Amino acid sequence: MRNRIWLAAGGSVLAASISLLGAATAASASTASTSTSGTSTVVGYTYIDGNTAVSNTIDGFARHADGSVTPLPGSPFPAGGAGLGTGLASQGAIQATPDGRYLLAADAGSNQISVLRITAGGVPVPAGQPVSSGGIKPVSVAVSPSGLVYVANSGAGGSGYSGFRLQSDGSLTPIPGSTVTVPDSSGLGDVFFNALGDHLIGTRTGTSEIDSFVVLPGGHLLAAKGSPFTGQGLGQLGAEFSPARPAELFVSNAHNGAGLGTVSAYRDSLSGQLTPIGASPFADGQTAPCWVEISHDGRYLFTVNTGSGNISSYAVNPDGSLTLIGSTPIRGGGADIDARLSPDGRYLLVDGSGNHILSVFAVNGGTLTEVPSSPTPLPAGGAPAGIVNI
């Protein structure tokens, strides 16, 4: 769960000009429309970074009340930069601002970040020219409640985290001196803020470590004492803070081997130190649990097992420890990656990049049920990365 709180602050994204129809207006107006079957209203939109080589694209879908999705007319949409055309091995390659007016997408092939404004009918339109990501091969983007943006770059000769401010017109302004470099062997996989925007975490998939930072008032990062922290397994990749308890952090351990995947639970101190919770790490008995999503109330955790073609569900206990509920197969799945809940929490949508499909599951507590219309094909080409819902 990311980017659900938006606080007004200097340099943050504010309401766009009333002459531009944002996603909130479009989504409201769309409640009168119906799906192609004529039976289900449009309740929101879903976007995936196409990660298309030469000219990157954004895949856009209308999301219906019954859980079905239909491609938006004109999709895929031009992003402005260039994708890589091969898998990014990351979480969060595309993000939305909490007000649903802008998308930020990684252009890994051109070392840029694109910002797109959501217009009427959910159509994303570039808000300007893509900007340098501050490094090489951007793979993950984080947006704080105050409009602070950090990008994880994982390419040789330019690996690290770089900070920006997202302005009210959708432009990205680099924060001088904000870049934190890491060794090229780190293989950064994810970067994200807690719900308050005062802590930032990055995962080093290549070296199985976790970066922990406190966010200073000017937007710069202060590394916690002892950071980077050694992971509780191999291949830390997807991770999330609990949306209900910002000091609870959950990180996947994706590279332990066949049937040996685990998820770690940590408590994040005020100064950024990470302490394991209970008997962490917690096994799911599956292969490559790479991507993590947490229910809006913080009571359930879902992890996509890329090597097993399924999704594991855990109950998050009051102390932050995890109890495995079970695993749900993905119809037609294989090499599935990022997953995100709908804003109302009723559906979990999964980017099935390996087979170019978008899968949708109805959520009932920790129980997942794939909807009858799932999966939906993704546009051909590229190597789709990330997913976001508004």
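Computed from a prediction, not measured in an experiment: that's the story for all the values here.
- Using a 4.5 Å heavy-atom cutoff, the side chains of Asn317 and Thr323 are in contact.
- With no hydrogens or angles considered, a side-chain donor-acceptor pair links Thr57 and Thr52 at under 3.5 Å.
- Under the 3.5 Å distance criterion, the side-chain polar atoms of Thr287 are left unmatched by any main-chain donor or acceptor of Ser308.
- Judged by distance alone, the side chain of Asn305 and the main-chain N or O of Gly307 form no donor-acceptor pair under 3.5 Å.
- Between Leu349 and Arg63 there is a side-chain heavy-atom pair separated by less than 4.5 Å.
- Checked by atom type and distance alone, the side chain of Ser144 never pairs as donor or acceptor with a backbone atom of Gly197 at under 3.5 Å.
- Under a 3.5 Å cut-off, the side chain of Asp59 and the backbone N or O of Gly50 do not form any donor-acceptor pair.
- With contacts defined as side-chain heavy-atom distances shorter than 4.5 Å, the pair Val350/Ile387 does not qualify.
- Side chains of Val316 and Phe250 form a contact here, defined as non-hydrogen atoms less than 4.5 Å apart.
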### Task
Would you check, one step at a time, whether the test side chain to side chain donor-acceptor pair (under 3.5 Å) holds for Ser133 with Asn111?
CA-CA 6 Å; Ser133 65; Asn111 306 323; 5.4 Å; no
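- Contact of the Ile210 side chain with the Arg204 side chain is not registered, since no non-hydrogen atoms from C-beta on lie closer than 4.5 Å.
- Note: Tyr47 and Tyr45 have tilted aromatic rings, judged against thresholds of 30 and 60 degrees for the angle between ring planes.
- Counting all heavy atoms, side chain and backbone alike, Ser178 lies closest to Ser162 at OG-C, 4.1 Å.
- At distances below 3.5 Å, not a single donor-acceptor pair connects side-chain atoms of Ser252 with backbone N or O atoms of Ala254.
- Between Asn194 atom CG and His199 atom NE2 the span is 6.0 Å, to the nearest 0.5 Å.
- Within the 4.5 Å cutoff, no side-chain heavy atoms of Leu348 are placed close to those of Arg340.
- For the atom pair CD1 of Ile311 and CD1 of Ile330, the computed distance is 4.0 Å after rounding to the nearest 0.5 Å.
- Residues Thr328 and Glu370 have side chains that never bring a donor and an acceptor to within less than 3.5 angstrom of each other.
- Between Ser208 and His255, the closest side-chain pair of non-hydrogen atoms is not below 4.5 Å.
- Checked by atom type and distance alone, the side chain of Ser186 never pairs as donor or acceptor with a backbone atom of Leu188 at under 3.5 Å.
- Side chain of Asn153 to main chain of Ser159: no donor-acceptor pair is present (N/O by atom type, distance under 3.5 Å, no hydrogens or angles).
- Rounding to the nearest 0.5 angstrom, the gap separating the OG1 atom in Thr207 from the CD atom in Gln236 is 8.5 Å.
- Using modelled atom types, one finds no donor on one side chain facing an acceptor on the other under 3.5 Å when comparing Ser353 with Asp351.
- Note that CG of Asn389 and CZ of Phe61 are 11.0 Å apart. Values are rounded to the nearest 0.5 Å.
- Side-chain atoms of Tyr300 never come within 3.5 Å of backbone atoms of Glu293 as a donor-acceptor pair (strictly under, hydrogens ignored).
- For the residue pair Asp190/Gln91, the side-chain donor-acceptor check at 3.5 Å is satisfied.
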### Query
What's the verdict on ring pair (Phe, Tyr, Trp, His ring centres under 6.0 Å) for Tyr161 and Phe213, showing C-alpha distance, side-chain angles and the deciding distance?
CA-CA 11 Å; Tyr161 308 100; Phe213 302 97; 5.6 Å; yes
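- From Leu260, atom CG reaches atom CD of Gln286 across 11.0 Å, with rounding to the nearest 0.5 Å.
- Taking CD from Gln232 and CG from Asn253, the interatomic distance works out to 7.0 Å, rounded to the nearest 0.5 Å.
- Not one N or O on the side chain of Asp49 forms a donor-acceptor pair closer than 3.5 Å with the backbone of Ala385.
- Residues Arg331 and Ile357 come closest through the heavy atom pair O-CD1, 3.9 Å.
- Arg117 places a side-chain N or O within donor-acceptor distance of the main-chain N or O of Asp169, the cut-off being under 3.5 Å.
- Minimum interatomic distance between Pro228 and Asp211 (heavy atoms only, all atoms of both residues): CB-OD1, 3.4 Å.
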